[in-house]
Amino acid sequence: MLFLDDPPPKLVGIARLAASSDVLEAKRQVEYLELETRRFIGRGSGRMSSIYTVNPYRGCEFGCKYCYARYAHEFMELRDPELFERKIYAKQFQSAAFRAELRRLKSGDTVWMGTATDPYQPAERRFQVTRQMLEAFADERGLDIGVTTKSDLVARDAALMVRIARKNRIRVHLTITTLDERLARLLEPRAPRPELRMGAVRTLSQAGIAVSVLAHPVMPLINDSEASLDGVCEAAVRNGATSFSAAPLFLKPCAAKVFLPFLEQRFPHLVRRYRERFEKSAYLKGHYPEMIAERVEKIRTRHKIADRQTPEWPMADQLELFALYSAK
Ligand code: SF4
């Protein structure tokens with residue numbers, strides 16, 4: 001890591017217990033609700049019009065500090081950005097309605113699960129909406145399905161995905177921003193540890209499912225060193241992933257509301273630089289994104305791994321898709 005002089009000590013003994021009690025306390029504040037849904041499958045527009053989106057949950061308990069999806073709760077008049085991670089809505093699953101929507105898709109269509117919120121967040125253990133949707137996908141054919149998650153719970157569905165893959169294409173994208181457990185706990189407080197996510201890469205790959213590892217977002221002076229990105233890529237390859245990618249952070253106002261106070265608390269020496277860089281635009285421009293692209297390409301070449309095998313899908317388009325989905 002570039003932002004501290006010394007590597008952080010591993011949490012052991014009582015320090016580890018204290019850290020996990022913070023997580024348990026936060027978990028106690030989470031409220032789960034069910035949400036009636038008119039449509040389960042959303043659709044992009046313009047050059048993204050062939051992409052369909054599925055998000056079984058609104059809100060996400062993982063609470064990543066950089067999460068840009070928080071503003072979705074504002075559509076429901078939930079303006080405190082923290083409510084995004086404390087009030088979780090599971091879509092009330094109706095198998096017949098979902099299957100009817102699926103039948104309207106054409107062979108070759110791309111359907112992406114988890115464009116807005118994580119389909120394998122803890123609510124999935126209780127509601128199993130993602131699982132039920134995948135059961136329906138297993139009866140379809142010819143679809144190109146992507147699943148994006150930060151949770152090792154996805155490995156639960158390995159056998160089901162194998163069934164889906166007999167008649168469709170399916171690829172799982174595991175987001176792993178760092179292998180540093182302590183840093184991951186700061187950035188993604190209630191997401192499974194990187195080691196567990198890497199375990200899911202292995203389980204799925206061994207089952208024959210195509211897996212990509214995404215080291216998004218790359219945050220300047222936090223997880224952007226060559227050593228950090230190389231470590232994630234190397235572990236991804238070792239565990240069977242077939243593609244790797246990493247793109248710089250973008251900071252929409254809804255994400256900045258949480259991310260900048262987080263920086264002030266945990267990385268105060270970076271606040272001024274982040275404010276300057278993101279003041280005029282949510283996107284990093286100029287030399288930095290080019291440098292990261294070159295760095296990632298070099299790492300991919302070193303480990304002989306492909307770029308993500310997905311339709312090109314920049315973050316801005318994800319937001320566009322998300323807005324469409326949220327408006328439904
Ligand atoms: S896992 Fe994704 S949706 Fe959930 S908080 Fe993190 S970035 Fe947001």
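Just follow the structure's listing: the first ligand is 1, and inside any ligand the first atom is 1.
When each atom of ligand 1 is checked for a heavy atom of A116 under 4.0 Å away, the hits are 3 (S).
Applying the ring pair (Phe, Tyr, Trp, His ring centres under 6.0 Å) test to pairs two or more places apart or on separate chains, none has a residue in residues 145-169.
Near atom 4 (Fe) of ligand 1, less than 2.8 Å away, sit the protein N, O or S atoms C60 SG.
In summary, the aromatic rings of F267 and Y274 are positioned with their centroids too far apart to meet the 6.0 Å limit.
Every residue two or more places apart in sequence or in another chain was checked for a ring pair (Phe, Tyr, Trp, His ring centres under 6.0 Å) with Y288, and none qualifies. By the side-chain contact (heavy atoms from CB on, under 4.5 Å) test, E195 is found to be paired with R193, residues two or more places apart in sequence or in another chain being considered.
Ion pairing between R185 and E181 fails under the 4.0 Å rule for side-chain N and carboxylate O.
R156 approaches Y120 most closely through the heavy-atom pair NH2-CE2, 3.8 Å.
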